[in-house]
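In the text below, chain A, chain B and the rest are named by the order of the sequence lines, each starting its count at 1. Computation of the quantities below employed the complete heavy-atom set of this structure, encompassing side-chain atoms and omitting hydrogens, waters and symmetry-equivalent molecules.
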Protein chains: 2
Amino acid sequence: MNEIVIPDSIRCELAGKGGITAIMELLPDNQTIENIVSVARALSDPVRIRVLFALFMQPMCVCLLVAMTGYAYSKMSYHLSVLKESDLVCSRQKGNYLIYYPTDLGRKVVEEIEGW
Amino acid sequence: MNEIVIPDSIRCELAGKGGITAIMELLPDNQTIENIVSVARALSDPVRIRVLFALFMQPMCVCLLVAMTGYAYSKMSYHLSVLKESDLVCSRQKGNYLIYYPTDLGRKVVEEIEGW
DNA sequence: TTGTGGTTTCAAAAAGATTTGAAATAACTT
DNA sequence: AAGTTATTTCAAATCTTTTTGAAACCACAA
């Protein structure tokens, strides 16, 4: 792989870093990449961003989220499941209600993405 | 909106924070949400995560990225355009080559998502 | 100016995500 | 047990993103 033609400046810099092989070895492993992608996917919808920020401020049952946003229950439930599968939120039962709240990761992520 | 039935604990906590209206007013505005979503979408594909991390370690021309990953040029080009549109990478021309490298935002994001 | 190599653009096909409303669950109340 | 309320699940329809290969574009060299 080192015999391809590229600009000298890059060939130099690359050599100083151990070549393309060294770069490839330093890339995150597949499991790490899948985790990042799963969280990023969960964040890539405005509905879910709003829900995540709202839960960050205040744990809520689904009916409150539904009242707040005007979305159908099934829609809200779908988006909550996406957030849950990527470990950004979790839920506890309170009588008849399911109360959703952010995980530690969810809180960390909310604080980070505010600065994007 | 305050006459819906929710668990007492939540009604209390919520009242202490100014009610649902106060929460809604503290949500990020639409522009901020669109920015977050755009960056998150760019991060929500394993190809682009690998490319972003590689460029973080070393600016590269497209041909090097293609050699490194084994993807077709058109595919790489598509993914680079997604990263570029969300302002995570940019490029400069070097003779015949286009050299891609992360923006400030791109570098910041790489450092953050390593911890996800 | 013609050719060559690096890169992007395009359109069609394939794959994946979201929305919808209806039906199913699950926990409580009577 | 039967009814009520909160929530999830399901399947179909719709919408968006990704992949593919071919063609176009652009900078440089002969």
Working note: A:D29 + A:T32, criterion side chain to side chain donor-acceptor pair (under 3.5 Å); need CA distance, chi angles, decisive distance, verdict. CA-CA 5 Å; A:D29 60 38; A:T32 306; 2.7 Å; yes
Partner of B:L80 under side-chain contact (heavy atoms from CB on, under 4.5 Å), chosen from B:L52, B:L98, B:L65: B:L65
Report yes or no: does B:R41 contribute a side-chain atom to a donor-acceptor pair with the main-chain N or O of A:L43 at less than 3.5 Å? no
Is there a donor-acceptor pair closer than 3.5 Å between any side-chain N or O of A:S77 and the backbone N or O of A:S74? no
Calculate the interatomic distance between B:M60 atom CE and C:dT7 atom P; express it in whole Å. 13 Å
When you measure from the side chain of A:K75 to the backbone N and O of A:V66, does any donor-acceptor pair fall under 3.5 Å? no
What's the CG-C1' distance between A:N96 and C:dT30, to the nearest Å? 14 Å
Interatomic distance where OH belongs to B:Y97 and P belongs to C:dG6 [whole Å]: 5 Å
Return the CZ to CD distance between B:F56 and B:E111, rounded to the nearest 0.5 Å. 4.5 Å
Look at the side chain of B:Y100 and decide which nucleotide, out of C:dT18, C:dT8, C:dG6, has an atom nearest to it. C:dT8
Could you check B:S91 against A:R41 and say which one's nearest nucleotide on DNA chain C is further toward the 5' end? B:S91
Over how many whole Å does the gap from A:I6 atom CD1 to C:dG6 atom P extend? 11 Å
Using chain A heavy atoms and a threshold of under 4.0 Å, write down where along DNA chain D the contacts begin and end, 5' to 3'. D:dT5 to D:dT9
Where along residues 71-90 of chain B does a heavy atom fall under 4.0 Å from DNA chain D? B:S74, B:K75, B:Y78, B:H79
Examine distances only and state if a side-chain atom of A:T103 and a backbone atom of A:D87 form a donor-acceptor pair shorter than 3.5 Å. yes
Just by modelled atom types, is the A:P102 backbone N or O under 3.5 Å from a matching donor or acceptor in the A:R107 side chain? yes
